[in-house]
Every structure is written in C-alpha cells, then in structure tokens.
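Numbering of residues begins at 1 and proceeds along the displayed sequence.
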Amino acid sequence: MCGINGFASIEPTPQERDGVRLMNARMTHRGPDDGGDVDLPFATLAMRRLSILDIERGRQPMASADGRFQLVYNGEIYDNDAERKRLIQRGATFRTTSDTEVLLQRLMRDGSAALPELKGMFAFALADTHDESLLLGRDPMGIKPLYWFQGPKGELIFSSELQSLLQHPSIPRRLDHASLEMLLHDRYVADPWTLIQGVQQLPPGHWLRWKAGKVELGSYFEFRIQPDEEWQRDGMDGAARMLRDMLDRVVRSQLEADVPVGVLLSGGVDSSTVTAMAARARAESGSSLQSFSIGFTDPAYDESSIAREVAEHLGTEHHEEIVEDGGFDLEFFDKILDHVGQPTGDTSIIPTWMVSQLAARHTKVVLSGDGGDELFGGYDHIQWAARVRRTSDMTSTAMRRLGRAVLERALPATPALLATPARRAVKGLNVSLLPPEDQLRRLRCLWTPTEIGDLCTHKGAGRLLRPDWRGEAPSLNGLEPEEQAMSMLATTFLPGAILTKVDRASMAASLEVRPPLLDQRIVQLASSLPLGLKIRKGERKAVLREAGRPFLPASIYAHKKQGFSIPLQRWFNADFWGLFDEVFGSGKPGAGLFKPAMLQKTVAEARSNSADSTRVSVGAAATRAWILASVGRWMQRYGVQSV
C-alpha cells in the first residue's frame, strides 16, 4: 500500500517538478516506511511506501531492467505468485519477490490489455521513456483512488489524494458548483467529479494514457449483474457452498504478506464471515488472527458485544475500544477534511477512523467486510426502492398524487413514533412520480434539487445536478428493481462514499485495508446469482449468510443490522456551532455561498435535536449541518474560491 504522485509535460519546468515533491511530502501517512522520486525527460514520478511484500527490495519508483519503464503503484496484486509463474513462462526474469515487479512486468508486455486479468486493488502510473507516454490505471471496483488534472498546456498532474494534488502550484482552487449540488443531494461527490473545477478522479475500471499533451481515456471493466438461471438448479445450498469455497480461496490469497494481517470485525454478517474464513486459514498454519472493533456507550449504536461474541467463538486475539460520547473537536474535524480531501456527508468515517487507529497500533494490514451490502442486497433502501418502482408500475399517477396529498395533510398531526414511516411514505410516493432511473437516488437524497435551489446562491442553483450513474440503460434491462438498485449502488455509492471513507481513514493511520468481498472472483460470482438467492422472503444477503453459517454463532443472524455510525447530533457543541460564523462570515471564502436565512434555518433544525417531522429526521438535520460546516471549513483551509 502506497501513495503515488506525478507530473508529465512536453517541457517540464523545475518549479513543476518541485511541485511533485511537495505533493509527495504531504502523503507521508500513506507510506511512512519509504519514499522516492525520479525525474524523466518528460515527467516526474514520486511515491510513498507502506512496506508489505519484499520489504527490502520492493522500493519504488521501480525501473525495468533496461531502464525504459518506470512504475509507481498503490495497492496489492493478490495472485502474485501465480502471475509471476505465468510471466516467467513468457520469458520474464525477476529481481524481487514484490508484487510491484509483477505488475511492472505485466504492463511492460501487455499495457492496458493486462488490466482485465489482474486480481487485486490498485492505482498506478507507468512511464515509457521511449515514446514519452504515461499510462494510469485504477482497479475495477474503485478500491484505490487516483485523482488527475490536465492544465492549459496539456500538462498532467496526478495523485492518490486530493489534499496532496492541491499542493501542486498548477492546480486552480475554484469550487465546482455542480459537484457542490451533488454533495448536498447525495452526501458525496461521485466519480469522476470532485469539488475542484477541472480535477477529476479516474473512474473504477478505467485507464488513462497521456502523450504529447493529449489525454485518452478508456474502460476495461463495467460492473453488470447478469443472473444465471443455472443456479436455480443448484439452489441455495449449492450457491452457498460455491460462495463459501470461493471466499475461502480469496481470503487465503489476501492473507499473503510479509507482515501480520488482522481483520476489522464489526459484528455484522459481512465482516464476521470474512473473519471466520481468515481464522480458519490462520488456525491451519498454527498462528492466531487479530481482530479489531470499536464500540460506543450508547447501546443504540453499539455492536461491540456481538463482535466480542464472534471473536470468542472463532478464537481470535480480539482488540476492542469503547468510545465515550464526545464533543466536537476542531482539530479532529480538520484532520478528516485534510485526509478525505473534500467534504463528505458520510459521518461513519469517524468510527472508521477510530477503529483504523486501533488496528494500526498492532498491525499494518487488515481485511474488511466492505462490499457485501452492495453485491448481495444488504441495504433496506434496496427493497424500499423496489417497492416504489413497483408502485409506479402498478398504480396510476392520479392515485399516487392523491395518496401523497392525504399523507402530507396528516403529517403535522402524526405522533412522533409514526413520523419516520409516514415521512418515508410521502417521500416514496413523491419519488414514484419520477423516471425509474432517478428513483433510488432521490429516495436517498439529503436535499432535493428544489431545496438546493432555495439554499444556494450560485447561478442555476438546483438545476446543475449531474447524473451519478455512468452505466448504460441497456445494462439494467431484464433486471428486477432490487437488482437495478444494487447495480447502481455498486458503481456509485460504493466507490464514491464507502471505499473513499475506508481508504482515507485507514491510510491516515498508515493501515492497509483489503476487502475480500470485492475481489473480482467474488464480484463475478455474486453478479451471476439470481435475486432469490440474495434476498429470500425478505431476508437480505441470504446466500452470504448461508455461506458463513457453519462457522459463526447463531446469534449474529438474529441481530438486526446496524449502520456503522455515531450519535452525531450529541457530538455538536458550542465549538461546532461557532464554526458557522467563522467560515461563512464576511470576507471568508464561504461567505455568500448559501442564503443566510436558509443557512440559519438548517443550523436551527440541527440544534433543536427534534427536527420538524414533516421535513427531515433528526439524523438528517445533523448531517446537513455537518456538510455545510465541512464545506465552509474546507474552503477556508484550502483557499477554495466560489466563482
């Protein structure tokens, strides 16, 4: 695991090359063990290294034996040994046992054509000094990040993190208002966009080639659910057995490292199943497995007892930390903004940060359960979106409008206990009036486009919202509504919010996180399973539950799913509320970005701790305040201008 940076230009200047070294210095947390850079006639490459494989000889940038190619690379190739043997058969010779050299040798021979066959998580840059070109690539599911910017002279700047990229003097710091609307609507900014004008993230499953000031983009992977009805013949038992065996092989491959590998254990089905597979593999080798979990004093947010039970059942060496309800801390808030690189509404980054810090005190590498909800149908809003879709297909528009009007009139008098389901019913009927491809996104939105127009001051506010889904509509044809929702979440929310959060929070602690459920072998298997094996009589992730059932205590299957979240509204204090005057006051970069009356109303709703039941929940009100404070503070810290 590393962080990479670089610059390419037809005529690089010393200042531009020095900018790359400034970027690299800002990313020491991603690679505290080692660092390096190289100047080429047309480019400068740099990296920071967290040493995992071939600690002594796997240094980067890594050059080919003849000096033609130079590689900087962030991630892991999991079938390292098998790929090495195949390359040797093709005539390759190796100087190290690192996966970096395996990737270098493969790319030297096949270029971007190698990418569909690689099993791993990665972001890389390969420089070819013969034709003075640069090839960038990102893994199929977007586990590892890669940001880039092309300047007015055709120059290319890239980095693993936004905060690092912004250190380069060539990057303009202007707010992208369309991306701001995406943040307010979705709680995150989907690839390929960022909040900085002109700065993009290379989408998952894509490559970029730069040569002579021109950029070419290409795709080598598209996530697509294609149910194979042959699974119906094997039934649940056959599918669970196949998934169990495949996950066992994948976990074993991801346990390979020259340092200890642990596991993040939340107590949910996904992380518990991964932990069970890892514990079995470690037991066979006569070694123990370390597991890590975080808990809270508030039982409504705490799953530590379940995680502890799983750890005891599997015999792991368990590490646990209970977090007291704390108050807002500006220094911690700034750290999150710095490491994410731009504001995010996914406040589960806070517990993710905490468990990463805990794990990093004991190991350099952990496995996680990320990806299970998207691949196997774990989110309740997948079924909610399906109900809305079927309502719109089976009920007339007039009937839905009438039902919405009746419920809206009843909302003000609705008892608090029924406020959430009543509000969800109104939202569902509203959303059912939209085109099918927009329904899931609107169900999950924090601010509607109309509300964004009321809040923001920029020209066209509320009308700039970009599509978040990059797929083609035909890829959804023939799928059930639940499958369509899973497909969209796997290509938008998963890389844009979940994997971004995990990467930045873990790398802030110099910790590598490997998600076995997002290995291409598991992704392909999950994509081929019919819906009835994923959601069975209302039971979500049914086949994944069955795959882990022989190894796990029965209690985890009776436990209701909890999100990895915190009691956010209780963390807000005078320091947090005072931040609004500081970052949106006269003369500040955020001044005038939002209409004062709507800004004050948002703050008031969050402060009341009992939001108007006809509008938003208490949690949503708190998240709104968190996002607005994040935007203002981020603009202040990085000098981002709203123009």
Side-chain angles (χ1 to χ4, degrees), residues 140-141 186 190 204 221-240 242-243 246 269-270 371-397 399-400 424-425 427-445 467-495 498 517-518 520 522-547 561:
M141 300 304 290
D186 302 321
F221 173 80
E222 179 188 3
F223 178 83
R224 183 171 291 199
I225 294 177
Q226 296 177 303
D228 185 348
E229 294 307 317
E230 287 294 315
W231 285 110
Q232 299 289 10
R233 181 187 61 194
D234 296 328
M236 181 64 77
D237 289 344
M242 176 65 78
L243 178 57
M246 181 68 73
V269 169
D270 305 347
D373 288 318
E374 291 80 7
L375 294 182
F376 297 99
Y379 294 121
D380 64 349
H381 52 252
I382 290 174
Q383 291 170 287
W384 186 19
R387 288 194 296 270
V388 169
R389 174 67 181 278
R390 292 187 175 102
T391 298
S392 62
D393 288 344
M394 299 170 62
T395 311
S396 70
T397 300
M399 184 65 70
R400 280 175 273 143
R424 284 170 65 99
K427 189 171 188 177
L429 287 170
N430 268 323
V431 169
S432 73
L433 301 171
L434 298 173
E437 61 270 20
D438 296 333
Q439 290 178 358
L440 172 67
R441 190 181 186 194
R442 190 62 59 83
L443 280 175
R444 301 181 64 254
C445 78
D468 65 336
W469 183 57
R470 300 183 311 276
E472 299 293 333
S475 69
L476 300 180
N477 289 347
L479 297 182
E480 294 292 335
E482 291 90 344
E483 293 170 320
Q484 293 182 9
M486 282 186 268
S487 182
M488 291 180 175
L489 289 168
T491 53
T492 58
F493 179 65
L494 177 62
I498 298 297
L517 293 175
L518 293 178
Q520 276 301 287
I522 300 296
V523 171
Q524 290 167 6
L525 176 59
S527 299
S528 73
L529 295 175
L531 179 62
L533 296 177
K534 298 174 183 177
I535 302 176
R536 178 181 59 180
K537 297 179 180 179
E539 179 188 43
R540 300 191 290 268
K541 296 188 289 193
V543 68
L544 185 59
R545 289 168 174 265
E546 293 304 318
K561 177 180 174 61

Check: Please walk me through it: do Glu374 and Leu518 pass side chain to side chain contact (heavy atoms under 4.5 Å, CB included)?
Finding: CA-CA 10 Å; Glu374 291 80 7; Leu518 293 178; over 6 Å; no
Check: After noting the C-alpha distance and the side-chain angles of Asp270 and Phe376, does the key distance pass the side chain to side chain contact (heavy atoms under 4.5 Å, CB included) rule?
Finding: CA-CA 10 Å; Asp270 305 347; Phe376 297 99; over 6 Å; no
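A salt bridge does not link Lys534 with Glu480: every distance from a Lys NZ or Arg NE/NH1/NH2 to an Asp or Glu carboxylate oxygen is 4.0 Å or more. A salt bridge links Asp373 and Lys541; the closest N-O separation between the charged side-chain nitrogens and carboxylate oxygens is under 4.0 Å.
Remark: Leu529 CG to Glu483 CD distance equals 10.0 Å, nearest 0.5 Å. Atom CG in Leu479 sits 6.0 Å away from atom CD in Gln484 (nearest 0.5 Å). With rounding to the nearest 0.5 angstrom, the CG atom of Leu434 is 5.0 Å from the CZ atom of Arg442. Note: Asp234 CG to Met242 CE = 7.5 Å, rounded to the nearest 0.5 Å. Put simply, CZ on Arg390 and OG on Ser432 are 14.5 Å apart, with the number rounded to the nearest 0.5 Å. We find the CZ-OG1 distance between Phe223 and Thr492 to be 11.0 Å, quoted to the nearest 0.5 Å.
Shortest non-hydrogen contact noted between Thr491 and Ser487 is OG1-O, 3.0 Å. Between Pro467 and Arg441, the shortest heavy-atom distance links the atoms CA-NH1, 3.7 Å. The two residues Leu489 and His381 have their closest heavy-atom pair at CD1-NE2, 3.9 Å. Counting all heavy atoms, side chain and backbone alike, Gly371 lies closest to Leu494 at CA-CD1, 4.3 Å. The two residues Ile522 and Leu517 come nearest to each other via the heavy atoms CG2-O, 3.4 Å. Of all non-hydrogen atoms in Ile382 and Gly378, the two that sit nearest each other are CD1-N, 4.2 Å.
The closest side-chain heavy-atom distance from Arg540 to Arg545 is not below 4.5 Å. Side-chain contact between Met236 and Val543 is present, with heavy atoms from C-beta onward closer than 4.5 Å. Side chains of Met486 and Leu531 form a contact here, defined as non-hydrogen atoms less than 4.5 Å apart.
Each of Thr391, Val431, Asn430 was compared with Gln439 under the side chain to side chain contact (heavy atoms under 4.5 Å, CB included) criterion, and only Val431 meets it.
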